[in-house]
Peer 1: 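Pasting a structure here, questions to come.
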Amino acid sequence: MTSQNLFSNLGKSRIFKNRSVLVSDFVPLTLPHRENEITRLAQIMSPALNGTRPNNIFMYGLTGTGKTAVAKYVSNMLTDEANRRGSPATVIYVNARKDDTSYRIITQIGRLLDLKLPFTGLSVAEVYSRVVSRIDKRGGMIIITIDEIDNLIRESNLNLLYKLSRINSDLRNAQVSLIGITNDARVLEVLDPRVKSSLGEEEIVFAPYNAEQLRDILHARVHDAFVEDSLEDDVVPYVASLAAKDHGDARKAVDLLRKAGEVAERLNSNRVTIDHVKQALSEIEVDTTLEIVTKLPLHSKLVLASALELQNKKEIVVTGDIYTGYIMLCKKTGLEPLTSRRVSEILNELDMVGIISTKILNRGRFGRTKRVVLNIKPTNILEALKKDDALKIM
DNA sequence: CTTCCACAGGAACCAGCGGACC
DNA sequence: GGTCCGCTGGTTCCTGTGGAAG
């Protein structure tokens, strides 16, 4: 036994210099390939500095295209500049997925304006009017950013959105601008045209990154995140090309790189290799499968279980087979089966979340049906399904 | 050319429930 | 603390459909 401290080598990474740079909510100092969006947003928001209300803004784009990062980046710059000039402009940021009801959103907005609010007991209307008077008392420009606003639209919380879109008519000494961020532009269609046009006074669209751009983004972070020379040269291009194939999602790319680093670390390796990336990829798949499948409603799990069983027995698996298998599983578990109409819908849902893919098949005399293929390794699915007590029998 | 399969998926409807509102 | 409202997750009933078989 040496007298060396047990901990002297623990907690000191050979791979990471600063792992937090690769965590998804980190806002980097530079945002490569988003210069246009940044200047555009800055231009739209700039009137706030002279006390003029900026137009409301809608920002669309698929996940991992930098919407949130750009919004936070420009917001930080704006508040800095406002402070420097002594002109009162405040930017607040809320996330409608984290705070997924009208009540939570509006209280969160209130809290960010230093308003003390109970977490329950008041009606939304009451909190809203308190927030309004708070804003009015404070005066000046307030910019409210609502990220993942689609949740607010779907959650039948349209009322709040409607109120917010015309909040300025309730204010005398202050003005409010809204920034809405969403990755699902379709949700806008359900909005009242007036709300829609009010929120969408300006629009910024974020295109997916291509492989080359993703490479730049990763490189920009690698320097801060990793110990010098701890990445093999082909790792970043490889990660970038994988992410580019998958809708150009920068967040996924960054996650994958971090996970690869963690794998390398765990294996006591000095450098991150492509093999580590591959392993990281499969670990991510296991994690997401587990997350998706365990959260599925029981009947969806049974449908999936039926599809899983058939996968081994048959070349081509279609809706009808799955349904009969599903009925048998229901009998075994003593559950009342759902109708085939609903099961057909469940298959579509499973397709949406990406566990299976389906394709309509016309087999002439043998009818029109849907072919189902599992997208994920059966063992992973089985593992996840077994977490459910009702499915222990499988 | 016609028939007819095996479903897809739209439409209308319904029970149940949580939340808004008074 | 009751009532109303709109949504969710289902049901029933239905029409539509591409192409192999006859």
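Letters go in sequence order (proteins before strands), and every chain restarts at 1. Treat the numbers as computed from the prediction; the structure is a model and nothing was measured.
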Peer 1: What integer distance in Å separates Arg341(A):CZ from dG16(C):C1'?
Peer 2: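 Whole-Å distance recorded here is 13 Å.
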Peer 1: State which of dT12(C), dG18(C), dG10(C) makes the closest approach to the side chain of Leu338(A).
Peer 2: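 From the listed options, dG10(C) comes nearest.
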Peer 1: Between Ile360(A) (CD1) and dG16(C) (P), how many Å, whole number?
Peer 2: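 One finds 16 Å between P of dG16(C) and CD1 of Ile360(A), rounded.
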Peer 1: State whether the side chain of Asn168(A) and the backbone N or O of Val176(A) hold a donor-acceptor pair below 3.5 Å, judged by distance alone.
Peer 2: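 Between the backbone of Val176(A) and the side chain of Asn168(A) there is a qualifying donor-acceptor contact (under 3.5 Å).
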Peer 1: The side chain of Thr369(A) lies closest to which of these nucleotides: dG10(C), dG9(B), dC7(B)?
Peer 2: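 Among the listed nucleotides, the one closest to the side chain of Thr369(A) is dC7(B).
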Peer 1: Expressed in angstrom and rounded to an integer, what is the separation of Asp351(A) atom CG from dG9(B) atom C1'?
Peer 2: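 The distance from CG of Asp351(A) to C1' of dG9(B) comes to 14 Å, rounded to the nearest Å.
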Peer 1: Cut-off 3.5 Å, side chains only: do Tyr128(A) and Asp170(A) have a donor facing an acceptor?
Peer 2: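 Yes, side-chain donor-acceptor contact under 3.5 Å.
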Peer 1: In whole angstrom, what separates Leu361(A)'s CG from dT17(C)'s C1'?
Peer 2: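 That distance rounds to 13 Å.
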Peer 1: Can you tell me the distance, in whole Å, between the CG atom of Leu302(A) and the C1' atom of dG9(C)?
Peer 2: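 Rounding to the nearest Å, CG of Leu302(A) and C1' of dG9(C) are 16 Å apart.
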Peer 1: Can you tell whether the side chains of Arg266(A) and Glu283(A) come within less than 4.0 Å, N to carboxylate O?
Peer 2: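 Glu283(A) and Arg266(A): salt-bridged.
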Peer 1: Can a side chain N or O of Lys370(A) be found less than 4.0 Å away from OP1 or OP2 on dA6(B)?
Peer 2: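 Checking Lys370(A) against dA6(B): no side-chain N or O falls below 4.0 Å of OP1 or OP2.
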Peer 1: Check this one for me: any side-chain N or O of Ser344(A) less than 4.0 Å away from OP1 or OP2 of dG9(B)?
Peer 2: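 The answer is no; no side-chain N or O of Ser344(A) sits under 4.0 Å from OP1 or OP2.
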Peer 1: Could one point to a donor on the side chain of Arg363(A) or the base of dG18(C) with an acceptor on the other under 3.5 Å away?
Peer 2: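 A donor-acceptor contact between them is absent.
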Peer 1: OH of Tyr128(A) versus P of dA20(B): gap in Å, rounded?
Peer 2: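 Those two atoms, OH and P, are 16 Å apart.
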Peer 1: Is there a donor N/O on one and an acceptor N/O on the other, under 3.5 Å, for the side chain of Arg365(A) and the base of dG18(C)?
Peer 2: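 Donor-acceptor pair under 3.5 Å: no.
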Peer 1: For a side chain to side chain donor-acceptor pair (under 3.5 Å) check, start with the C-alpha distance between Asn380(A) and Thr289(A), then their side-chain angles and the critical distance, and finish with the verdict.
Peer 2: CA-CA 7 Å; Asn380(A) 291 350; Thr289(A) 311; 4.7 Å; no
Peer 1: From dT11(C), dG10(B), dA8(B), pick the nucleotide closest to the side chain of Thr319(A)?
Peer 2: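 The listed nucleotide nearest to Thr319(A)'s side chain is dA8(B).
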Peer 1: Look at the side chain of Arg342(A) and decide which nucleotide, out of dT11(C), dA20(C), dG18(C), has an atom nearest to it.
Peer 2: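 Given the options dT11(C), dA20(C), dG18(C), the side chain of Arg342(A) is closest to dT11(C).
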Peer 1: Does a sphere of radius 6.0 Å around CD in Glu35(A) hold more than 12 heavy atoms from other residues, nucleotides or ligands, not counting ones at 6.0 Å or beyond?
Peer 2: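 More than 12 heavy atoms, drawn from other residues, nucleotides or ligands, come within 6.0 Å of this atom.
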Peer 1: Mind calculating the distance between OH (Tyr323(A)) and P (dC5(B)) to the nearest angstrom?
Peer 2: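 It works out to 20 Å between those atoms.
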Peer 1: Round to the nearest Å and state the distance from Glu345(A) atom CD to dC7(B) atom C1'.
Peer 2: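 So the CD-C1' distance, Glu345(A) to dC7(B), works out to 14 Å.
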Peer 1: Please compare Asn348(A) and Arg368(A) by the position of their nearest nucleotide in DNA chain B and report the one closer to 5'.
Peer 2: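 On the 5' side of the pair lies Arg368(A).
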